[in-house]
Peer 1: 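Just dropping this structure here.
Residue numbering restarts at 1 for every chain, and letters A, B, ... go by the order of the sequence lines. Computed from heavy atoms alone, side chains included, the values below leave out hydrogens, waters and symmetry copies. Remember, predicted model here, so these are calculated numbers, not experimental data.
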Amino acid sequence: MVWKNAFIYTLRQDPADAEVISHKLMMRAGMIQKLAAGIYDYLPLGLRVIRKIEGIIRQEMARCGAVELLMPVVVPAELWQESGRWEYYGPELLRLSDRKDAAFCLGPTHEEVVVDVARKSVRSYRDLPLCLFQIQTKFRDEIRPRFGLMRGREFIMKDAYSFHVNDQSLDEMYWAMHAAYTAIFKRCGLDFRPVEADSGTIGGSVTHEFHVLASSGEDTIVSCDACDYAANIEKAQADILVQSPAAPPAGAPAPQEVATPGLKSIEEVSSFLKIAPAQTIKMLVYSVNHGSSMVGVCIRGDRAVNEAKLRGLLGADSIAVPDENELRAKHGMPIGFIGPVNLDKTKYKLNSIIADFSVASLTDVVCGANKEDAHLLHVFPGRDLMPDRYADVGFVAEGDRCPRCHGGTLKQFRGIEVGQVFKLGTKYSGPMGMTVLNEQGNAQVVTMGCYGIGVGRTAAAAIEQNHDADGIIWPAAIAPFAVAILCLDPGNEEARTLSLHLHNELEKLNIDALLDDRDERPGVKFKDADLIGFPCRVTVGSRGLKEGCVEIKMRKSKEVLKAPKENALERIVAALA
RNA sequence: CGGGGUGUAGCGCAGUCUGGUAGCGCACCUGCCUUGGGCGCAGGUUGUCGCAGGUUCGAAUCCUGUCACCCCGACCA
């Protein structure tokens, strides 16, 4: 490819609306261009990266026995009504209608469609296992798209779906996909971790997310410093020694009310009483399934409630913290002063009280007194608390002990979720009636897995991990071009001929080369090459040619070597290996 | 959806408070010059000042409405 034909326009300054480094660099390097919020043009250079990643994915999918197909982006509502998701998916699903007023949506994910594809043909257990995948544009009307390709509304996703006659077969495919994802992200040159993840409203299922470690990541992941335990913080557990409180020691003082006028927060109360926040219990009220019931949750004062865990524990579709004024007005709750001691559930219309494990080991602590402007001292959970149950509903904290090896400590990292593998079970095949005849000749609902990779997000994550002050440093496997040949003097016959020759020979060897033949000053070409991040740069200029040499420079190591022009080609090939 | 902010040339911005000929840097075009890290000189092109109303002799500027985009939060396969 010759620069003049390549449609590459770089920017000297960061675009004003870009926040994270990958977004800035992709815009500046002329890889993407914004069309609307969360909707981008993939320019030729950016598309080449996408295609490279897709190529790696295709190879690894083939290795798992997955076969590629392509399903429509526009999906009739009936399919979504069949699975039930038309009702509860919410505004993230972009709905539209055609000229006949028939309802459609833009597919944000394709479980319904793929079940429909498979059920039309698959009749027998002999056809299973089956794994279908596609690489396709998805649309999710995100509340807040941001960070360029990292959280777009329109984005390219590889989504695979597998069908099985039993759990063992599903399990095999699940781990084959897990291994494939590991291979894919490794080949893309990423530093990543597979982590256990929350399965959302689908209780009991197994799922792993693949996170690229990066400070700009939107997720927090937790991993053990001694073993291989790693989990999304939504799911992560700590090694909890005490799950129910002991009786208080003999002579423990009785609870005592203390005036705490206007002091509602844990910080205010603990600093006023000169105690650590960990010596308090805080209590929160959650509305479950849009107000159909309410629960009280108490947790150690310095900890936060993990709403994903709470939702899972309750088996709820949604939970939310109700409006404070509403709780005061409708339920008479002294917000800021409620506590788990002598709590009148009926009065406050609370269906149940849950205590996090973090309060079980506490003794002699402070909590709200259930009346305005007062707290209680000398609370002993083993004596004073009567929750309906103790459970794990808190976030783990940095330094908690590992639940797997019991010896290591948990550390937190930021991660970019680039992929997820999921055991779906019969969530879609059941309602949509996808059955096969089993060995006994009986109709049996198939069990499914699904496996996604954000292709554009993977590209963005690669930049987050591989850049410097000058620009992108592409991992070789996903670089738009492996080599940039800079012809510094297009006016010089020898330089022009030699650079073109090298370019042509590299292409013959199936090595992607970009020839910068522009009539620009050398500095411009160097800056652009660094910004775009070609792994290898070959400089052909009159200065080197006087010594009969070209210069080969590696972007990542900054290593420079001069090669005699006669064997420049083999030196370049060797440098890339 | 709540809070905050921004819309002026392809990009980055000033001008808006205090109404009076539309500006700067980069990019782009022409010529000269230069050629190993975003050269220099000279000349030039590019705008419904987001959109719609209103006030005014006169609106980028004041008022009303509206749209888009960005940030924080809530939310999120």
Peer 1: Can you tell which of A:Leu514, A:Ile485, A:Leu515, A:Leu486 makes a side chain to side chain contact (heavy atoms under 4.5 Å, CB included) with A:Trp3?
Peer 2: A:Leu514

Peer 1: Decide whether A:Asn492 and A:Ser542 meet the rule of one side-chain donor and one side-chain acceptor closer than 3.5 Å.
Peer 2: no

Peer 1: Without decimals, in angstroms, what is the distance between A:Tyr286 OH and B:A74 P?
Peer 2: 11 Å

Peer 1: Have A:Tyr174 and A:His164 got a donor and an acceptor in their side chains that come within less than 3.5 Å?
Peer 2: no

Peer 1: For RNA chain B, which residues of residues 526-549 of chain A approach it to below 4.0 angstrom with any heavy atom?
Peer 2: A:Phe526, A:Lys527, A:Asp528, A:Asp530, A:Arg537, A:Thr539, A:Gly541, A:Arg543, A:Gly544

Peer 1: Is B:U6 paired to anything, Watson-Crick or G-U wobble with both distances less than 3.5 Å, and if yes, which nucleotide?
Peer 2: B:A68

Peer 1: Considering only the C1' atoms, how many Å lie between B:U8 and B:G50, rounded to the nearest integer?
Peer 2: 10 Å

Peer 1: Just how far is it from atom NZ of A:Lys24 to atom CD1 of A:Ile463, taken to the nearest 0.5 Å?
Peer 2: 13.0 Å

Peer 1: Short of 4.0 Å, heavy atom to strand atom, which residues of residues 18-36 of chain A count as contacting RNA chain B?
Peer 2: A:Glu19, A:Arg28, A:Lys34

Peer 1: Taking the side chain of A:Arg144 as heavy atoms from C-beta outward, which of B:G38, B:C69, B:G73 is closest to it?
Peer 2: B:G73

Peer 1: Looking at A:Phe210 versus A:His178, is the centre-to-centre ring distance below 6.0 Å?
Peer 2: yes

Peer 1: In this structure, how many angstroms lie between the C1' atom of B:C26 and the OH atom of A:Tyr9, rounded?
Peer 2: 16 Å

Peer 1: I'd like the P distance from B:G12 over to B:G54, given in whole Å.
Peer 2: 33 Å

Peer 1: Do A:Glu82 and A:Leu79 have side chains that get closer than 4.5 Å, going by heavy atoms?
Peer 2: yes

Peer 1: In whole Å, I'd like the distance from the CG atom of A:Asp141 to the P atom of B:C75.
Peer 2: 18 Å

Peer 1: Could you check how far CG of A:Asp516 sits from P of B:G37, rounded to whole Å?
Peer 2: 15 Å

Peer 1: So if I define the base as every atom that isn't primed, P, OP1 or OP2, how would nucleotides 3-11 of chain B read as a B/S/- string at a heavy-atom cutoff under 4.0 Å?
Peer 2: --------B

Peer 1: To the nearest 0.5 Å, what is the distance between CD1 (A:Ile354) and NZ (A:Lys309)?
Peer 2: 13.0 Å

Peer 1: Taking CD from A:Glu92 and C1' from B:C1, how many angstroms apart are they, rounded to a whole number?
Peer 2: 15 Å

Peer 1: Side chains of A:Asp159 and A:Gln134 only: does a donor on one sit below 3.5 Å from an acceptor on the other?
Peer 2: yes

Peer 1: Picking from A:Arg146, A:Arg144, A:Arg414, what satisfies salt bridge (charged side-chain N to carboxylate O under 4.0 Å, His left out) with A:Glu218?
Peer 2: A:Arg146

Peer 1: B:C76 C1' sits how many Å from A:Asp198 CG, rounded?
Peer 2: 12 Å

Peer 1: Mind checking who B:C1 pairs with, Watson-Crick or G-U wobble, both distances under 3.5 Å?
Peer 2: B:G73

Peer 1: What's the gap between B:A60 and B:A22 when it is taken at their P atoms, as a whole Å value?
Peer 2: 8 Å

Peer 1: Start at the 5' end of RNA chain B and walk down; is the nucleotide closest to A:Met157 or to A:Thr10 reached first?
Peer 2: A:Thr10

Peer 1: For B:C26 versus B:C67, give the span between their P atoms, rounded off to a whole number of Å.
Peer 2: 38 Å

Peer 1: Would you mind telling me which of B:U35, B:C76, B:C75 lies closest to the side-chain atoms of A:Asp489?
Peer 2: B:U35

Peer 1: Measuring from A:Phe422:CZ to A:Met448:CE, what's the distance to the nearest 0.5 Å?
Peer 2: 11.5 Å

Peer 1: What interatomic distance, in whole Å, is found between C1' of B:C24 and the corresponding atom of B:U66?
Peer 2: 31 Å

Peer 1: I'd like the C1' distance from B:C28 over to B:G47, given in whole Å.
Peer 2: 15 Å

Peer 1: Taking the C1' atom of each, how far is B:C63 from B:U55, in whole Å?
Peer 2: 7 Å

Peer 1: Say we look at B:C76 and B:G4: how far apart would their P atoms be, to the nearest angstrom?
Peer 2: 24 Å

Peer 1: Round to the nearest Å and state the distance from A:Phe147 atom CZ to B:C72 atom C1'.
Peer 2: 11 Å

Peer 1: Per the atom types in the model, does the base of B:G36 pair as donor or acceptor with the side chain of A:Glu551 at under 3.5 Å?
Peer 2: yes

Peer 1: In whole angstroms, how far is the C1' atom of B:G12 from the CG atom of A:Asp17?
Peer 2: 12 Å

Peer 1: Nearest to the side chain of A:Pro522, heavy atoms from C-beta on, is which of B:C71, B:G36, B:C76?
Peer 2: B:G36

Peer 1: Under 4.0 Å: is that the gap between some side-chain N or O of A:Arg521 and OP1 or OP2 of B:G37?
Peer 2: no

Peer 1: To the nearest 0.5 Å, tell me how far A:Glu267 CD sits from A:Asp302 CG.
Peer 2: 10.0 Å

Peer 1: When you check the gap from the basic side-chain N to the acidic O, do A:Asp470 and A:Lys558 get nearer than 4.0 Å?
Peer 2: no

Peer 1: With a 4.0 Å cut-off, would you call A:Arg537 and A:Asp516 a salt bridge?
Peer 2: no

Peer 1: Can you tell me the pairing partner of B:G40 across any strand shown, Watson-Crick or G-U wobble, with both distances under 3.5 angstrom?
Peer 2: B:C32

Peer 1: Of all heavy-atom pairs between A:Glu111 and A:Cys450, which one has the smallest distance, and what is that distance?
Peer 2: OE2-SG, 3.8 Å

